[in-house]
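Encoded as structure tokens, the structure appears first; notes follow it.
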Amino acid sequence: MRMDSRAWPHRFDVVPWDEIAARFHALAAEHPELAPVAEIAASVRACGAKHRLAGLTSMHDLVVTAHPVPEPPIEVVVVRSPSSGHVGPGGAFIEHRSATGHDDRIFRPAAEAVPLFWRFMIEKFGVEPPEQPPVPA
């Protein structure tokens with residue numbers, strides 16, 4: 001029996017988060033619609049989760065899984081860029097590709113991309129960003 005899995009079927013060639021963040025920062029400077037993906041990559045670096053999450057890029061999409069990276073098929077969360085054809089400018093599309101076939105996909109405004117990403121990291125991989133200090137009133 002073959003399961004209908006959309007999990008990552010290839011070897012996961014991990015790219016350091018510093019490289020991912022720099023790449024998306026440069027892309028977003030030329031293509032502002034990629035800013036939500038750049039902000040997500042920067043948030044992983046800023047909160048210290050880069051040692052608990054593994055990432056790579058596929059064209060202009062960001063593909064993330066938990067460390068240690070298993071053998072394929074690999075459960076991943078994919079942050080889609082507008083150039084992927086899945087979401088237009090001003091939107092965020094994040095999908096969980098499960099090895100079991102129980103995938104999740106959520107569209108939100110681009111301003112909600114970073115919190116949506118962390119919601120997926122918490123729910124799918126148990127990785128939470130450190131608590132942010134309260135903003136003084």
Side-chain angles (χ1 to χ4, degrees):
M1 178 174 150
R2 183 176 179 273
M3 187 176 301
D4 186 19
S5 171
R6 293 177 2 106
W8 193 256
H10 314 290
R11 187 179 78 209
F12 198 97
D13 293 322
V14 177
V15 176
W17 282 102
D18 292 340
E19 289 180 33
I20 292 172
R23 177 175 188 258
F24 280 112
H25 178 75
L27 285 169
E30 292 185 32
H31 306 281
E33 65 274 13
L34 295 175
V37 186
E39 292 166 5
I40 287 169
S43 78
V44 172
R45 283 183 61 223
C47 78
K50 65 184 186 178
H51 302 293
R52 297 191 60 207
L53 296 173
L56 60 79
T57 59
S58 176
M59 293 297 290
H60 297 128
D61 295 336
L62 174 60
V63 183
V64 181
T65 194
H67 273 301
V69 178
E71 293 298 315
I74 302 167
E75 176 179 18
V76 295
V77 169
V78 182
V79 180
R80 296 290 185 184
S81 72
S83 63
S84 70
H86 294 276
V87 63
F93 176 39
I94 300 179
E95 66 177 320
H96 171 243
R97 291 182 157 197
S98 167
T100 65
H102 298 286
D103 300 343
D104 291 322
R105 298 177 191 100
I106 299 180
F107 293 89
R108 291 287 187 269
E112 297 177 28
V114 173
L116 180 60
F117 171 80
W118 285 106
R119 175 179 154 191
F120 272 87
M121 294 303 100
I122 293 165
E123 290 178 5
K124 306 306 178 187
F125 302 131
V127 175
E128 295 189 41
E131 292 280 333
Q132 297 296 318
V135 178

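One is the number of the first residue; the rest follow in order along the sequence.
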Original post:
Can you name the residues that form a side chain to side chain donor-acceptor pair (under 3.5 Å) with Glu123, not counting sequence neighbours?
Top reply: Arg119
**OP:** Say whether Leu62 and Phe93 are linked into one hydrophobic cluster, either directly or through other cluster members, by side-chain heavy-atom distances under 4.5 angstrom.
**Re:** no
Subject >> Under-4.0 Å salt bridge between Glu75 and Lys124 >> reply: no
**OP:** Return the minimal non-hydrogen interatomic distance between Pro73 and Ala7, and the atom names on each side.
**Re:** CB-CB, 3.8 Å
Original post:
Is there a side-chain contact between Phe120 and Val64, using heavy atoms and a 4.5 Å cut-off?
Top reply: no
**OP:** Indicate yes or no: at least one non-hydrogen side-chain atom of Leu34 is less than 4.5 angstrom from one of Pro82.
**Re:** yes
Subject >> Co-membership, hydrophobic cluster, residues Val127 and Val14, 4.5 Å side-chain >> reply: yes
**OP:** Please say which of Thr57, Ile94, Val63 ends up in a side-chain contact (heavy atoms from CB on, under 4.5 Å) with Val79.
**Re:** Ile94
Subject >> Same apolar cluster (I L V M F W Y, side chains within < 4.5 Å links), Val77/Ile106 >> reply: yes
Subject >> Mutual orientation of the aromatic rings belonging to His96 and Phe125 [parallel < 30°, tilted 30-60°, perpendicular > 60°] >> reply: perpendicular
**OP:** Kindly determine whether Trp8 and Val78 satisfy side-chain contact (heavy atoms from CB on, under 4.5 Å), including the steps that lead there.
**Re:** CA-CA 10 Å; Trp8 193 256; Val78 182; 5.6 Å; no
**OP:** Kindly indicate, with the supporting measurements, whether the criterion side-chain contact (heavy atoms from CB on, under 4.5 Å) is fulfilled by His60 and Val37.
**Re:** CA-CA 9 Å; His60 297 128; Val37 186; over 6 Å; no
**OP:** Please report the closest heavy-atom contact between Ala41 and Ala21, naming both atoms and the distance.
**Re:** CB-CA, 3.8 Å
Subject >> Nearest non-hydrogen partners of Val69 and Ala54, listed with the distance >> reply: CG2-CB, 3.6 Å
Original post:
For the residue pair Arg52 and Glu128, what are the closest heavy atoms and their distance?
Top reply: NH1-N, 4.2 Å
**OP:** Locate the shortest heavy-atom distance separating Ile40 from Ala113; write the atom from each residue and the value.
**Re:** CD1-O, 3.8 Å
Original post:
Which pair of non-hydrogen atoms, one from Pro9 and one from Pro72, has the smallest distance, and what is that distance?
Top reply: O-CB, 3.4 Å
Original post:
Thinking salt bridges, do Arg97 and Asp103 make one under a 4.0 Å N-O criterion?
Top reply: no
Original post:
By side chain to side chain donor-acceptor pair (under 3.5 Å), which residues pair with Thr65, not counting sequence neighbours?
Top reply: none
Original post:
Is the backbone of Leu53 close enough, under 3.5 Å, to the side chain of Trp17 for a donor and an acceptor to pair up by distance?
Top reply: yes
**OP:** Determine, stepwise, if the pair Asp18 / Lys50 fulfils side-chain contact (heavy atoms from CB on, under 4.5 Å).
**Re:** CA-CA 9 Å; Asp18 292 340; Lys50 65 184 186 178; 3.6 Å; yes
**OP:** Say whether Leu116 and Phe107 are linked into one hydrophobic cluster, either directly or through other cluster members, by side-chain heavy-atom distances under 4.5 angstrom.
**Re:** no
